[in-house]
Structure formats: C-alpha cells, structure tokens
Amino acid sequence: MADTKTINAPWPIVAIAGWLLPGSGYWLLGQRSRALATGITVIAIYLAGLLVGGVRVIEVPGYDEFGQHVNVRVAGGGPTWILQVAPLQEIKAKPWSIAQILAGPLGIVSGYASVASADVAKVSHTPVNEAGTLYTAVAGMLNLLAIIDAAHRAGQPAPSEQPEAA
Amino acid sequence: MILLAFRPFLDPLPLWNLPPALRMPLLLIPLTIGVAIVYKSIKCSSMKKVPRESAELTGWILLFMIVAAVALTALVRGLES
C-alpha cells in the first residue's frame, strides 16, 4: 500500500482539496489507501445520516422548517432576512450546521436539497432525527480531523527523512 | 406496507418498528465503526494496521458505552429508589 509515500504539495492546496472531496488531501500527498479509507468512510457516514433521518435533518441557517426565509423585524424597516441582520446568532442557534458544512460540498448540496424539498420531504423526529444529525455532524468533524492531518503531513519532510515513529 | 411508501433520503428510515430500547444502540454501532476507521487511518503509520486496530477500537468504544450505560442506569435507579 502506498500510504507512507509522500509527495510534496502546498498545505493550503491539500486542506482545500480535503474539504472539496473528503480524503483527497491524502491523495495529493500520494497516500492513496489512507485517502480512500478516510474519504469513503466520511462520505458513507454522511450519507447514512441522510438515509436515517432524511434530508431534512440538515437544518440550514436562515431557513425554517418549511424551507422559508427566517425574517426578523428591524427598527424602522420591514421584515429582513435574519442572515443579513444577525448571521452569527442564527448559526449559533444551529451549531451542528457548522460541523455538517465541514463535510465539504456534500454539506452544501444536501443543505440546498433540504430547503428545496421542504414541501415533499418529511421531517424526522427524535431519536431518528438526533441520529441523522449526529451522523452528518460527526462525518464533518472527522473530515476536519483528516484535513488537519493531511495539511500537517504536507508541511513535513518525507518519511524517509524522519526518525521512525514509536 | 410502510416500507413500500418509504422514499430514501426524503423520508426518515422507518425504525419505529424496532423496540425503543434498541433504536439508538443499533444506530450507534455503524457510527462507532466509522469513527474508529477514520481515527485509525489518521493515526496509524501503516495502513496495514488499520483493519485490526479499528476493530479493536470499535470494541473498546462499544464496551465503554455499555459500561457507562449500565453505571448510569444503576445511578438513576439508585437515586429514584
């Protein structure tokens, strides 16, 4: 297995690639078996979360359970979309969305699908909803670990130049 | 009949046929396996070690979750009695 071979690549490129497609940061470094193991597992966990809870487990900040903009009334004006007025407050109300977006474009696409299918897809309830949210958020957090590790490896000398790890 | 109406990814998985006490434990097993595989893929110097070490880690996580569940159940029942 080519998991110890390291090809030099700039760490920001490795980090961005790891976010765009889970595991691809390792692929750029030539560690293909590591890339496949992490990438396939992260994507499988994320998709399993969507399968368990349905796509509506992705709660997109700025949108309510009906897929409509969450509007707030500001002083001296009409209803304004909450993301234009208090984006951090809205994101803090749905903290799992931060972890879900770390799974990469998969998180963005499923967020779009969640809002777009609000009128046809069913919202799950506890504990199925909790499990779906947990799966998708854990997938994102595991991808963050993989991104950090791949970016760290990108900044290191090749394994042949390092002392043997214990 | 429920399965015929099930639309993958649009509807939640029809798990309500399972006993309530089994739902979360069954859902946690695949997640534990996934966490162990990714963690050990990151941690191990050689990918050849990953299958065995991730299987061991999965076992340890599940064992400690069972121990924690038993201990917390005993604590709650002790406080309630």
Side-chain angles (χ1 to χ4, degrees), chain A residues 1-4 22-23 26 31-57 110 113-114 117 120-132 134-135 138-139 141-143 145-146 148-150 152-153 159 162 164-166, chain B residues 1-62 64-66 68-69 72-73 76:
Chain A
M1 287 188 220
D3 60 298
T4 52
Y26 291 121
Q31 301 181 10
R32 295 189 174 172
S33 51
R34 205 182 302 275
L36 290 173
T38 53
I40 290 171
T41 311
V42 165
I43 292 170
I45 294 173
Y46 195 91
L47 292 178
L50 295 183
L51 185 67
V52 168
V55 73
R56 297 288 290 136
V57 292
S110 57
S114 174
S117 65
V120 290
K122 288 180 188 166
V123 178
S124 53
H125 298 285
T126 306
V128 177
N129 186 281
E130 287 172 0
L134 184 68
Y135 269 65
V138 166
M141 296 309 291
L142 289 173
N143 195 38
L145 274 181
I148 292 170
D149 183 58
H152 174 73
R153 286 169 192 257
Q162 291 179 324
E164 187 64 31
Chain B
M1 285 299 131
I2 288 169
L3 282 175
L4 287 176
F6 172 65
R7 300 168 300 168
F9 298 106
L10 286 178
D11 299 333
L13 207 61
L15 294 174
W16 41 86
N17 296 327
L18 293 173
L22 271 181
R23 285 177 201 155
M24 280 310 271
L26 280 180
L27 286 171
L28 284 175
I29 292 170
L31 185 62
T32 307
I33 295 169
V35 169
I37 291 172
V38 175
Y39 180 75
K40 283 298 175 183
S41 297
I42 289 169
K43 204 78 178 158
C44 288
S45 55
S46 167
M47 287 300 287
K48 286 175 186 163
K49 297 177 188 170
V50 170
R52 187 182 165 180
E53 293 210 7
S54 55
E56 277 179 22
L57 182 61
T58 302
W60 280 114
I61 294 171
L62 291 175
F64 277 99
M65 282 168 66
I66 291 166
L72 288 171
T73 304
V76 169

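Because only heavy atoms are used, hydrogens play no part in the values below, and waters and symmetry mates are left out as well, while side chains stay in. Reminder, nothing fancy here: chain letters follow the sequence lines and each chain counts from 1.
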Does some side-chain heavy atom of A:Leu134 sit less than 4.5 Å from a side-chain heavy atom of B:Leu28?
yes
Rounded distance [0.5 Å steps], CD1 in B:Ile37 versus CG in A:Leu142
10.5 Å
With side chains defined as the heavy atoms from C-beta onward, is the minimum distance between B:Pro8 and A:Leu51 less than 4.5 Å?
yes
Proximal component of A:Val55, with respect to chain B [non-hydrogen, under 4.5 Å]:
both
Quick one: CE on B:Met24 to CD on A:Glu130, what's the gap to the nearest 0.5 Å?
6.0 Å
Need one label for A:Ala146: side chain, backbone, both or neither, based on atoms under 4.5 Å from any heavy atom in chain B.
both
Just wondering, do B:Ile42 and A:Tyr26 contact through their side chains at under 4.5 Å, heavy atoms?
yes
Tell me the closest heavy-atom pair linking A:Ala37 and B:Ser41, and the distance in Å.
CB-OG, 3.5 Å
Give the member of B:Val50, B:Leu15, B:Val35, B:Leu31 that has the highest number of heavy-atom pairs under 4.5 Å with chain A.
B:Leu31
Sub-3.5 Å donor-acceptor pair from the side chain of A:Tyr135 to the main-chain atoms of B:Leu27, do we have one?
yes
Per-residue tally against chain B (heavy atom, under 4.5 Å) across A:Val52, A:Leu50, A:Val120 peaks at A:Val52
At their closest point, which heavy atom of A:Ser33 faces which heavy atom of B:Met47, and how far apart are they?
OG-CG, 3.4 Å
Part of B:Pro30 lying under 4.5 Å from any heavy atom of chain A
both
For the pair B:Arg7 (side chain) and A:Ala121 (backbone), establish whether a donor and an acceptor sit closer than 3.5 Å, ignoring hydrogens and angles.
no
Closest contact, heavy atoms only, B:Pro12 versus A:Val128:
CB-CG1, 3.9 Å
Under 4.5 Å from any heavy atom of chain B, what part of A:Leu145 do you find: side chain, backbone, both or neither?
both
